[in-house]
2 protein chains.
Amino acid sequence: MPGNLLRPVVQETTPSLIARQLRRAIGDGELAPGQQLNEMELSRSLGVSRGPLREAMQRLTQEGLLLSVRNRGVFVIEVTDDDVRDLYLARNAVERAAAARVIAGDPEAGADRLLEKVDEMSAAIERGDTAALTEADVAFHELLVELSESPRLIRMHDTLMVETRMCMTALETRYASHSFRLDEHREITEAIRAADEARVDLLLLDHMRDAVMRLTTEDA
Amino acid sequence: MPGNLLRPVVQETTPSLIARQLRRAIGDGELAPGQQLNEMELSRSLGVSRGPLREAMQRLTQEGLLLSVRNRGVFVIEVTDDDVRDLYLARNAVERAAAARVIAGDPEAGADRLLEKVDEMSAAIERGDTAALTEADVAFHELLVELSESPRLIRMHDTLMVETRMCMTALETRYASHSFRLDEHREITEAIRAADEARVDLLLLDHMRDAVMRLTTEDA
DNA sequence: AGGGGTAGGATTGTCGACAATCAAACGGTT
DNA sequence: AACCGTTTGATTGTCGACAATCCTACCCCT
């Protein structure tokens with residue numbers, strides 16, 4: 001036995017790989033909101049046939065990232081202000097539950113891991129690297145949900161975060177100066193360490209409200 | 001203008017239709033947990049080609065209802081006790097947020113609609129119709145989330161409810177005598193009407209705990 | 001008898017081609 | 001000039017066929 005470091009070989013399926021590529025492209029804005037996805041063109045640039053590509057697009061359609069219109073094609077969704085509000089409502093629901101799980105589990109260890117991400121944000125701010133800041137911000141929330149160790153919360157959250165990333169890149173200009181958000185993340189982390197669920201709920205809600213304000217024009 | 005009652009024609013896409021069929025079949029147990037889905041056979045019985053069927057299966061794979069293994073095929077997921085717990089954890093997260101939205105909106109109207117479902121459950125119990133009882137139970141929770149008017153909560157919840165239904169039908173025997181759950185639903189409804197969010201949270205959590213207890217063998 | 005290797009059958013993965021549908025441009029008519 | 005019908009080009013929807021992979025059963029060898 002050459003050690004336990006040989007994982008079971010799980011070949012990922014092709015549509016799954018393509019789907020991930022598309023998700024990244026949407027999140028990074030390479031595929032703009034409203035844009036139609038030309039199957040022939042996309043399949044060529046991805047080096048696959050239309051079949052697997054179509055299967056991958058169905059996955060994103062199910063996630064709500066693409067909009068499929070019969071005999072017309074699939075389009076990247078356009079997020080309205082209402083969508084942003086709904087997006088953060090859903091994120092709040094998921095992250096709140098995840099935080100509760102972390103608190104019920106090992107809040108100390110979780111807080112330590114989360115602080116690393118806060119430090120990354122801090123470093124990104126020092127360098128004035130807004131892209132890295134956004135990444136660290138996203139990573140913080142993804143880690144929070146991962147720490148819950150709930151497959152379903154994680155899956156739902158992943159979908160929501162692609163949309164979030166899409167909004168952030170689309171409105172990068174308006175989203176620029178969020179240096180003060182650093183403190184918000186730190187407070188959330190410490191509230192988790194203190195196992196103060198009520199306070200975490202409150203802080204998360206505020207955090208989401210801030211983001212919505214920043215990402216929408218008219219506020220509801 | 002012949003009235004405003006002509007909706008815009010939205011042709012549903014074929015994979016979407018197939019996906020719904022598959023979801024229903026899985027929820028009703030026609031496709032048993034762990035069973036492999038033979039593409040050729042299924043496509044014949046659905047009257048479509050393998051292409052659209054595969055696209056539909058990718059949708060369910062994304063939802064977590066099917067498990068796709070490369071070069072082996074797709075299988076209906078088998079829900080372990082851990083899965084049941086996670087399932088209800090996720091459901092609690094979604095329904096809790098939905099209830100909060102209802103309370104923030106029009107709790108009176110929502111409670112009225114919910115009471116209808118409770119009455120349906122009551123009627124089903126009178127008739128001894130367990131199938132109808134299960135349906136009404138599911139309908140109650142689906143309505144609760146629909147009332148939130150949150151597209152994302154609704155979409156996530158729909159997925160979770162297919163799994164729930166699958167568990168219920170798989171363990172129908174053990175799940176039989178849930179007459180007392182009627183009161184739980186009524187209490188939840190009235191707590192919503194009273195706009196007592198904390199109480200709704202508590203009742204929902206209890207409700208979920210009950211269900212998990214009933215659907216699992218070993219309790220965590 | 002046990003183990004390993006090998007052929008067979010079946011299923012999935014991928015591709016290319018054809019049919020169906022749609023949006024836009026064109027041309028004719030009033 | 002405005003409107004309507006038609007044609008055209010392009011894109012999607014669907015299908016069948018071929019290649020790749022895997023599981024099973026069988027056979028041979030030790």
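Naming convention: chains lettered A, B, ... in sequence-line order (proteins, then strands); numbering from 1 in each chain.
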Using the side-chain heavy atoms of [X], tell me which of these nucleotides is nearest: [options].
X	options	value
T14(A)	dT14(D), dT14(C), dT12(D)	dT14(C)
R54(B)	dT14(D), dG13(C), dT11(C)	dG13(C)
R50(A)	dT14(C), dC22(D), dT14(D)	dT14(D)
S49(B)	dG13(C), dT14(D), dT12(D)	dT14(D)
N38(B)	dT12(C), dC15(D), dT12(D)	dT12(C)
E39(B)	dG13(C), dG13(D), dG16(C)	dG13(C)
P52(A)	dT12(D), dT12(C), dT14(C)	dT14(C)

Under 4.0 Å between any heavy atoms, over every strand shown, what does L53(B) touch: base, sugar-phosphate, or nothing? Just pick one.
nothing

Can you measure [X] atom [atom1] to [N] atom [atom2] for me and round it to whole angstrom units?
X	N	atom1	atom2	answer
Q58(B)	dT14(C)	CD	C1'	13 Å
L17(B)	dG13(D)	CG	C1'	13 Å
L46(B)	dG13(D)	CG	P	18 Å
Q36(A)	dA10(D)	CD	P	14 Å
I18(A)	dG13(C)	CD1	P	12 Å
R44(B)	dA10(C)	CZ	P	13 Å
Q35(A)	dT11(D)	CD	P	13 Å
L66(B)	dT12(C)	CG	C1'	15 Å

Just how far is it from atom CG of L37(B) to atom CG of L31(B), taken to the nearest 0.5 Å?
5.0 Å

Hey, does the side chain of R72(B) come within less than 4.0 Å of dC23(D)'s phosphate (OP1/OP2), counting only N and O?
yes

OP1 or OP2 of dA20(C) less than 4.0 angstrom from a side-chain nitrogen or oxygen of N71(A), does that happen here?
no

Below 4.0 angstrom, N of the basic side chain to O of the carboxylate: do E120(A) and K117(A) qualify?
yes

Just wondering, more than 12 heavy atoms not from E149(B) lying within 6.0 Å of its CD?
no

Mapping G51(A) and R70(A) onto DNA chain C by nearest heavy atom, which one lands closer to the 5' end?
G51(A)

Between V212(B) and T216(B) the two heavy atoms that sit nearest each other are O-OG1, 2.7 Å

Cut-off 3.5 Å, side chains only: do R59(A) and S16(A) have a donor facing an acceptor?
no

